Each structure stands twice: as C-alpha cells, then as structure tokens.
Amino acid sequence: MELMDGKAIAKQLKEEIATEVAEMISNGHRPPHLAVILIGNNPASETYVNAKVKACKATGFESSLLQFPPEISQSTLLQTIDELNENEELDGFIIQLPLPKHIEEKIVIERVIPSKDVDGFHPINVGKMSLGLDSFISATPGGIVELLKRYKVETEGKHCVVLGRSNIVGAPMAMLMRRNTYPGNCTVTVAHSRTQNLKEICLQGDILIAAIGKPDFVTADMVKEGAVVVDVGINRVDDASRERGYRLTGDVDFNGVSPKCSFITPVPGGVGPMTIAYLLNNTMIAARKRM
Ligand code: NDP
C-alpha cells in the first residue's frame, strides 16, 4: 500500500506556483489576487477560508477576505459579486459554501463571471469541462486528478466508482474520470443515496472515490483487493480525548481498508490540502490570462 500524501504534493504544487509568482513580479506584473467571500460563522467554513488565505500568503498571492454577517441579504451579496466581477485588480474569487438558507446558491453561483470563477462552479465552466474544453475545473476534483497524476496512478480502462453525486465533488469527479485523457479514460459508475447493491458496486471499483460525508462509511468488505481509494470526506467526530473536542475523519475506514489498497489518501492530509493548492492553481491560470 502506498499513501498518496496530499500534504506533500500540495506543498510541491504551491512551490511551483510560488516560483511562477516570483517570476511574474520580477517581470513587472502584479501578483495573482484571490478574493474570498465568507458569510456567517460556520466553524468549518472559517477554517477552510483561513487555510486558503494562508496559502495565498505562502505563495506570494494577494488575497482579500470579505466577511459578512449571516443575515446579509441576497441582493447585497449579488451587488458585491458584481463589484468583484468588474474589479480589474482581482483575478478570481470564491464564495465559501454553504450559504445561509435565505440565499439561493444557484443564483449566487451564476452571478460570478466565468472568467473569475476559480471554484469552477459556474454552469459555463461545468459545461465546458464536461465537453473537455478549456475551463476552470473545480478545486476538489481538480486536486484529486492532480494527485493521481503525480503518483502516476494508472486509470485507462479501469472501473472508477464515485460515491456521491454532488455538484461540487461527485458529479465533476465522474466527468473527469471518464475524459478521453490521462488521468481519465475510466469506465465510471456514480453511486448515491438511492443506489441499490452499493457494496457489490463498490467492490467492482479499481478506483474508488468516496465523497458522501459519512464517517468511516466505506469498510474493508466494500473494497476490491488492490484498489486505489481516494477519501474526500471531512467529518467531525466527537472525541473527548482531543483538546478541541473532536477529530477529523474521512468517509473511509482507513485502518480497515488501507491494507487492501494499492494507493490510498489519508484524512487529514490527503484531498483537503490538494483542494487548496488547486484553487491557487486556478487563480494562477486566471492571472496568466491577463499578461
Ligand atoms: P453532499 O452532501 O453535497 O453530497 C453527498 C453525496 O453522497 C450525495 O450525492 C448523496 O446522495 C450521497 N450519499 C449520502 N449518503 C449516502 C449513502 N448512505 N450511500 C450512498 N451515497 C450517499 O456532500 P459533498 O459532495 O459536498 O461532500 C462530501 C464529503 O466531502 C463531505 O464529507 C465534505 O465535507 C467533503 N468535502 C471535502 C472537500 C475537501 O477538500 N477534502 C471538499 C468538499 C467536500 P444523494 O445525491 O442521493 O443525496
């Protein structure tokens, strides 16, 4: 079993980006600039946003954090998005999800100009990605593909089972794994909460990507011998032995499953850091286009 060390690969990717940023600046250009909109005080969202801002600093990006109270109106949020769309000093921006219930996610996502949609959630970017056209690939699936590439995981002709069909992880992940390129060229099955015979389906996966948000859901009896397992899940589980009162665990029972795998990602330290690095990668792509 080989561990796919997302933390180490994300560090590598960020170093490559930092080198390019330094070159950009020495050629007289301003550094890439990413803005993050954070609404409310969801602790997990705050943690992710802080990590994104910190990663910007570490790579020489400029970053702006726009924080709003949970009661912000949808119209004020849309107006802020319009301003960011027009701001020429900004290469890309994201709106940290989830949003408060009174704000319609779909409307917010569609308001972001596709050329600054570095989260890759806008329907134009999703549509282009599904057609294999140049687009922003959303950060989590993009980071996973990068991780598979850097570990030279064989994907061609393999059966890839994606557990979960959300717009931000499962659905784009499935599209990427069926692309006619590397990593890709898989035969893909997408499973979700209505899937029957889930265990039998998972057992067919040469590559199993779990993104359902259920701690330790995937157990050893659901995994094919020699499979590549990617654990996207980030779940907070109560743990009185930890100072903060909880620990993070994935969707995969790592201890049970890992002995059967050829490759596996840990949680934490797997997909999470790759997601952040890939967001910077997307912002870098946006910044290159203005030069
Ligand atoms: P969602 O809740 O949006 O989607 C979960 C998906 O899992 C749905 O498609 C759902 O099916 C399916 N599902 C739920 N229960 C089951 C079940 N018992 N059997 C089969 N399928 C099931 O979650 P996200 O996609 O946003 O996130 C998934 C996980 O990944 C979470 O733990 C999240 O925290 C984590 N995450 C991690 C990131 C990272 O950077 N590492 C980034 C984003 C997310 P249905 O569609 O039928 O409801």
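Every number for a ligand or one of its atoms is a count from 1 in the order of the listing. Nothing here was measured: the structure is a model prediction, and the numbers come from that model.
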Among protein heavy atoms, which lies nearest [atom], and at what distance?
atom                    : value
atom 30 (O) of ligand 1 : Val232 O, 3.5 Å
atom 21 (N) of ligand 1 : His192 C, 3.1 Å
atom 8 (C) of ligand 1  : Arg165 N, 4.0 Å
atom 17 (C) of ligand 1 : Phe217 CZ, 4.0 Å

Record the part of [X] in heavy-atom contact with ligand 1 below 4.0 Å; permitted values are side chain, backbone, both and neither.
X      : value
Ile234 : both
Thr195 : neither
Met274 : neither

So is [X] touching ligand 1 or not, going by heavy atoms under 4.0 Å?
X      : result
Gly272 : yes
Tyr48  : no
Thr140 : yes

*Indicate yes or no: does Glu146 engage Lys14 in a salt bridge with an N to O separation below 4.0 Å.*
no
*Is the closest basic N to carboxylate O distance between Asp91 and Arg290 below 4.0 Å?*
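Salt bridge: yes.
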*Atom of His33, atom of Ser64 and distance for their closest heavy-atom approach*: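 In terms of heavy atoms, the two residues are closest at NE2-OG, 2.7 Å.
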*Taking atom 36 (N) of ligand 1 as the reference point, report whether a protein heavy atom occurs under 4.0 Å from it.*
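Yes, at least one protein heavy atom sits under 4.0 Å from atom 36 (N) of ligand 1.
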Of all the atoms in ligand 1, which lie at a distance below 4.0 Å from a heavy atom belonging to [X]?
X      : result
Gly213 : 28 (C), 29 (C), 31 (C), 32 (O)
Ile168 : 26 (O)
Val271 : 41 (N)
Asn235 : 32 (O)
Val169 : 25 (O), 43 (C), 44 (C)
Lys214 : 15 (N)

_Proximal candidate to atom 28 (C) of ligand 1 [heavy atom criterion; set Ser193, Ala191, Ala211, Gly164]_ = Ala211
*Shortest reach to atom 7 (O) of ligand 1 by a heavy atom, considering only Ile212, Thr265, Val162, Thr275*: Ile212
Are [X] and [Y] packed together at the side-chain level, in the sense that at least one heavy-atom pair is separated by less than 4.5 angstrom?
X      : Y      : value
Ile37  : Thr80  : yes
Met177 : Pro172 : no
Gln96  : Lys52  : yes

Would a distance-only check, ignoring hydrogens and angles, find a side-chain to backbone donor-acceptor pair under 3.5 Å from [X] to [Y]?
X      : Y      : result
Glu2   : Ser262 : no
Arg242 : Arg244 : no
Thr195 : Leu198 : no
His122 : Pro114 : no

*Just jot down the side chain to side chain contact (heavy atoms under 4.5 Å, CB included) partners of Lys214, sequence neighbours excluded, or say none.*
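Lys214 satisfies side chain to side chain contact (heavy atoms under 4.5 Å, CB included) with Ile212, Phe217 only.
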_Could you work out, with side chain to side chain donor-acceptor pair (under 3.5 Å) as the rule, every residue matching Asp206, not counting sequence neighbours?_
Lys224
*Taking atom types as modelled and ignoring hydrogens, do the side chains of Thr155 and Asn185 form a donor-acceptor contact shorter than 3.5 angstrom?*
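No pair is found: no donor N or O on one side chain lies under 3.5 Å from an acceptor on the other.
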*Indicate yes or no: does an N/O atom of Asp251 lie under 3.5 Å from an N/O atom of ligand 1?*
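Such a contact does not occur with ligand 1.
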*Looking only at distances, please establish whether an N/O atom of ligand 1 is found under 3.5 Å from an N/O atom of Ser166.*
yes
